[in-house]
Number of protein chains: 2
Amino acid sequence: MRVTINDIARAANVAKSTVSKVLNDSPTISEATKEKVRAIMLEMNYEPSSFATRLAKQKCYNIGLIIDLSRKSDFLNYSFYDIIGGVESVIGPLDYELTICNIEHIGRDRFVSRFVLGRKVDGIILDNSILTPMLAQELNERSFPYIVIGELPGVRPLRWVDIDNRSGAAILTQHLLAQGYRNPAFIGGEECDPLFGARVAGFRDALPHTSLPPVLPGYSNEANGRRLTCELLSLSQAPDSIVCMSNLVAFGALQELGERGISIPENIGIATFDNRPLAPYTTPPLTCLDMDTFALGAAAGDMLMAQINEPNAIQAEEHRWVEPKLVVRQSTALMKGID
Amino acid sequence: MRVTINDIARAANVAKSTVSKVLNDSPTISEATKEKVRAIMLEMNYEPSSFATRLAKQKCYNIGLIIDLSRKSDFLNYSFYDIIGGVESVIGPLDYELTICNIEHIGRDRFVSRFVLGRKVDGIILDNSILTPMLAQELNERSFPYIVIGELPGVRPLRWVDIDNRSGAAILTQHLLAQGYRNPAFIGGEECDPLFGARVAGFRDALPHTSLPPVLPGYSNEANGRRLTCELLSLSQAPDSIVCMSNLVAFGALQELGERGISIPENIGIATFDNRPLAPYTTPPLTCLDMDTFALGAAAGDMLMAQINEPNAIQAEEHRWVEPKLVVRQSTALMKGID
DNA sequence: TTGAAAGCGGTACCAA
DNA sequence: TTGGTACCGCTTTCAA
């Protein structure tokens with residue numbers, strides 16, 4: 001049988017409540033007693049049962065990361081480890097744990113009851129693809145702490161973190177202009193996706209308001225990168241540079257342009273979102289916007305801990321942006337001779 | 001205040017123990033009572049407290065995935081989501097949860113006491129980079145269920161799952177031979193890494209025992225891919241094909257060969273381990289061995305659940321291999337004309 | 001078939 | 001500064 005608080009109390013010849021106070025480093029216990037009890041704990045290899053503690057304290061020291069594992073996406077595949085690392089880097093030192101909650105089997109509706117009513121976690125972090133307005137309302141009504149990863153306009157009060165895609169898109173576009181490109185186009189991304197909206201907005205921010213740059217949406221894969229590039233080339237005024245929604249779109253564009261003998265960066269400059277998985281390894285390597293997904297996770301963890309510890313702040317709306325970083329590579333090096 | 005088993009008992013006019021039995025679908029309770037109590041549970045939105053249950057049952061329904069988040073590796077970045085998905089796919093339906101345990105802050109030594117003695121988890125899954133012989137011994141002594149991801153010869157009794165790298169390497173090499181290549185070489189990987197040993201062994205398995213193929217180790221990055229390729233080319237009998245330890249090594253090789261005007265697959269064939277992140281997107285696309293990391297996680301989860309539920313089987317050694325899949329692409333398509 | 005009561009391993013209040 | 005004791009919410013044994 002494992003050693004419990006009672007064993008320690010008996011061995012130390014003190015009351016169980018005294019042992020408990022030693023565990024919590026209560027100031028009402030003398031140093032002498034503390035030392036004695038601690039020595040015995042060490043000797044007996046005692047470790048308090050987390051369940052008993054949590055039950056008694058009515059607190060879980062556990063936060064849930066809600067995901068839908070049935071969803072496969074490049075973003076998740078390439079950033080999940082970093083996001084978890086970021087979350088853990090802030091909650092771990094505070095002695096909180098991270099539980100992965102897959103809603104795939106449970107279903108979106110029953111999951112609130114499972115995790116929120118079941119008090120398995122003190123707070124949750126979830127994706128904007130998982131949070132429905134109804135779910136948000138339910139969580140809000142219960143004043144249950146939660147942070148959304150990914151902007152979600154229209155549902156409030158809401159606390160979310162996101163990569164600042166709009167500002168990032170502007171940075172990327174400004175870089176193209178600074179390199180001497182004059183007519184950037186934007187390709188890839190689905191119109192219904194808020195990500196697309198934010199990035200196109202940033203793209204437009206960086207351009208003169210009078211200009212009407214080509215923006216061609218399409219599911220972000222290699223084939224569409226090629227197809228949309230073809231479309232761009234057939235325009236009466238073909239662009240001299242392209243901002244791509246993803247690495248795969250950019251890869252498709254590179255392929256298409258390569259086959260047509262159009263050289264990059266001389267004839268057309270290419271910039272793309274995300275450094276992973278391909279940007280450093282294409283020919284030529286792609287100028288891109290590197291997304292700090294570790295920071296994203298850390299920000300989410302930080303906001304969540306703040307909410308858990310100051311429950312009155314829970315009703316306040318809070319958004320936090322993580323700024324992406326421009327990584328300049330050869331695909332936009334129009335001015336490399338001048339430099 | 002939240003609704004507890006007492007509230008339900010009161011509302012249903014039965015004893016608390018009766019409610020408990022309904023929760024556990026005990027056969028000693030009449031259907032009528034069950035239905036009545038269940039209806040009230042539903043009505044009152046009751047969800048049992050998992051901590052109370054776990055404390056009373058002395059069981060956690062929780063398994064720990066031990067990782068060292070301070071480690072950054074491509075493999076983890078690209079496969080972590082899949083591994084978690086695999087583990088969850090088997091433990092989730094059994095109502096187990098997955099807790100991420102980062103040993104970065106805790107330290108390798110204290111972590112046993114934290115998770116094992118602290119009874120936070122019923123079993124753990126960890127990496128062969130985390131399991132030390134001492135730790136293994138400690139876990140074995142306590143008969144604590146654990147599964148290692150990644151082969152770890154020399155420590156026993158031990159239960160682990162791994163990708164069958166040796167057989168995979170042989171498959172990859174046999175493919176080269178079947179395509180008509182005669183002198184494969186192996187580059188990349190560190191000699192101290194068991195992964196390197198397994199893959200080189202498989203590489204040799206596929207070749208005539210009399211042959212002494214070039215095997216050049218080196219940390220697996222792009223620069224070494226280039227450097228080792230140069231070395232290969234300067235050999236008196238230069239190889240006609242290369243098995244690469246990783247995508248980055250292969251990428252380096254492609255770069256080097258490309259710059260020298262050596263054409264692939266005609267002059268030299270290239271095959272590599274891992275489909276991620278680059279293999280489909282290089283020029284030419286790389287023939288590779290695709291590692292099913294979801295299956296790896298699922299196998300680990302499966303073995304762990306078996307151990308938890310049959311504690312007497314815990315002393316038995318068990319290894320499970322996940323077979324990698326050959327993905328043929330252009331980089332080894334020597335026979336494409338013939339085909 | 002149901003109920004009463006004693007745990008599970010802690011916390012926390014109040015009295016000593 | 002310490003001890004006694006009533007919980008936290010559920011399970012389980014034993015009696016009714």
Side-chain angles (χ1 to χ4, degrees), chain A residues 1-38 40-41 44-62 95 113-122, chain B residues 1-38 40-41 44-62 95 113-122:
Chain A
M1 210 41 211
R2 69 181 300 236
V3 23
T4 74
I5 198 171
N6 293 304
D7 303 319
I8 303 295
R10 209 171 305 124
N13 223 334
V14 295
K16 168 184 176 181
S17 55
T18 304
V19 179
S20 172
K21 282 167 199 153
V22 174
L23 275 177
N24 294 290
D25 202 18
S26 157
T28 75
I29 299 292
S30 72
E31 271 311 314
T33 312
K34 279 186 187 172
E35 272 173 38
K36 182 179 72 178
V37 173
R38 279 187 189 133
I40 290 176
M41 285 176 174
M44 297 183 68
N45 226 329
Y46 170 69
E47 186 77 18
S49 150
S50 52
F51 295 125
T53 309
R54 291 168 190 194
L55 176 60
K57 284 198 174 156
Q58 293 287 75
K59 197 158 186 327
C60 323
Y61 294 102
N62 195 2
D95 273 329
S113 53
R114 278 283 279 271
F115 292 102
V116 178
L117 299 181
R119 285 277 174 89
K120 296 192 171 188
V121 291
D122 295 311
Chain B
M1 210 42 211
R2 68 182 298 235
V3 25
T4 73
I5 198 171
N6 293 304
D7 302 321
I8 302 296
R10 208 171 304 125
N13 222 335
V14 294
K16 163 187 181 179
S17 55
T18 303
V19 179
S20 170
K21 283 165 197 155
V22 174
L23 275 178
N24 295 288
D25 202 20
S26 157
T28 74
I29 300 291
S30 72
E31 270 313 312
T33 312
K34 279 186 186 173
E35 270 172 39
K36 182 179 69 177
V37 173
R38 281 189 187 128
I40 289 177
M41 285 177 176
M44 297 182 71
N45 224 329
Y46 169 69
E47 186 77 20
S49 150
S50 51
F51 296 125
T53 308
R54 290 167 191 197
L55 177 59
K57 283 196 174 159
Q58 294 286 77
K59 196 156 186 328
C60 324
Y61 294 102
N62 194 3
D95 272 330
S113 54
R114 278 283 281 272
F115 292 102
V116 178
L117 299 181
R119 285 277 175 88
K120 296 191 169 185
V121 292
D122 294 312

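Within every chain, numbering begins at 1; the chains are lettered A, B, ... in the order of the sequence lines, protein sequences first and strands thereafter.
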d([atom1], [X]; [atom2], [N]) in whole Å:
| X | N | atom1 | atom2 | value |
| --- | --- | --- | --- | --- |
| A:Ile8 | C:dG10 | CD1 | P | 9 Å |
| A:Met41 | C:dG9 | CE | C1' | 13 Å |
| A:Phe51 | C:dT11 | CZ | P | 15 Å |
| B:Arg10 | C:dA4 | CZ | P | 13 Å |
| B:Ile29 | C:dG3 | CD1 | C1' | 10 Å |
| B:Asn6 | D:dC10 | CG | C1' | 9 Å |
| A:Ile5 | C:dC8 | CD1 | C1' | 13 Å |
| A:Lys59 | D:dG9 | NZ | P | 16 Å |

[N], OP1 or OP2 - any side-chain N/O from [X] closer than 4.0 Å?
| X | N | value |
| --- | --- | --- |
| B:Ser49 | D:dC8 | no |
| B:Tyr61 | D:dC10 | no |
| A:Thr28 | D:dT1 | no |
| B:Thr53 | D:dG9 | no |
| A:Gln58 | C:dA12 | no |

Quick one: which protein N/O atoms are closer than 3.5 Å to N/O atoms of nucleotides 14-16 of chain D? Pair and distance per line, please.
none

Which is true for [X] with a 4.0 Å heavy-atom rule: it touches a base, it touches only sugar-phosphate, or it touches nothing?
| X | value |
| --- | --- |
| B:Val19 | nothing |
| B:Asn24 | sugar-phosphate |
| A:Ser20 | base |
| A:Ser17 | base |

_Side-chain donor/acceptor contact of A:Lys16 with base of D:dG3 under 3.5 Å_ =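 Per atom types, no contact qualifies.
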*Please walk me through it: do A:Thr33 and A:Lys21 pass side-chain contact (heavy atoms from CB on, under 4.5 Å)?*
CA-CA 10 Å; A:Thr33 312; A:Lys21 282 167 199 153; over 6 Å; no
*Might you work through the side-chain contact (heavy atoms from CB on, under 4.5 Å) test for B:Leu55 and A:Arg54, ending with a clear yes or no?*
CA-CA 10 Å; B:Leu55 177 59; A:Arg54 291 168 190 194; over 6 Å; no
Go through [options] for me and flag the one nearest to the [X] side chain.
| X | options | value |
| --- | --- | --- |
| B:Leu55 | D:dG9, C:dA4, D:dG3 | D:dG9 |
| B:Tyr46 | D:dC10, D:dG3, D:dG9 | D:dC10 |
| A:Leu23 | D:dT2, C:dT11, D:dG9 | C:dT11 |

*Would you mind reporting whether B:Val19 and B:Met41 have side-chain heavy atoms less than 4.5 Å apart?*
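Yes - at least one pair of side-chain heavy atoms lies under 4.5 Å apart.
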What is the minimum heavy-atom distance between [X] and [Y], and which atoms define it?
| X | Y | result |
| --- | --- | --- |
| A:Ala12 | A:Val37 | CB-CG2, 4.2 Å |
| B:Phe51 | A:Lys120 | CZ-O, 4.1 Å |
| A:Asp7 | A:Met44 | CB-CE, 4.1 Å |

*Working for side-chain contact (heavy atoms from CB on, under 4.5 Å), residues A:Ile40 and A:Tyr46*: CA-CA 8 Å; A:Ile40 290 176; A:Tyr46 170 69; over 6 Å; no
*Between A:Lys34 and A:Asp25, is there a salt bridge with N-O shorter than 4.0 Å?*
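Counted as a salt bridge, because a side-chain N and a carboxylate O are separated by less than 4.0 Å.
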*Please figure out whether B:Ala52 or B:Val14 has its closest DNA chain C nucleotide nearer the 5' end.*
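Comparing both residues, the 5'-ward one is B:Val14.
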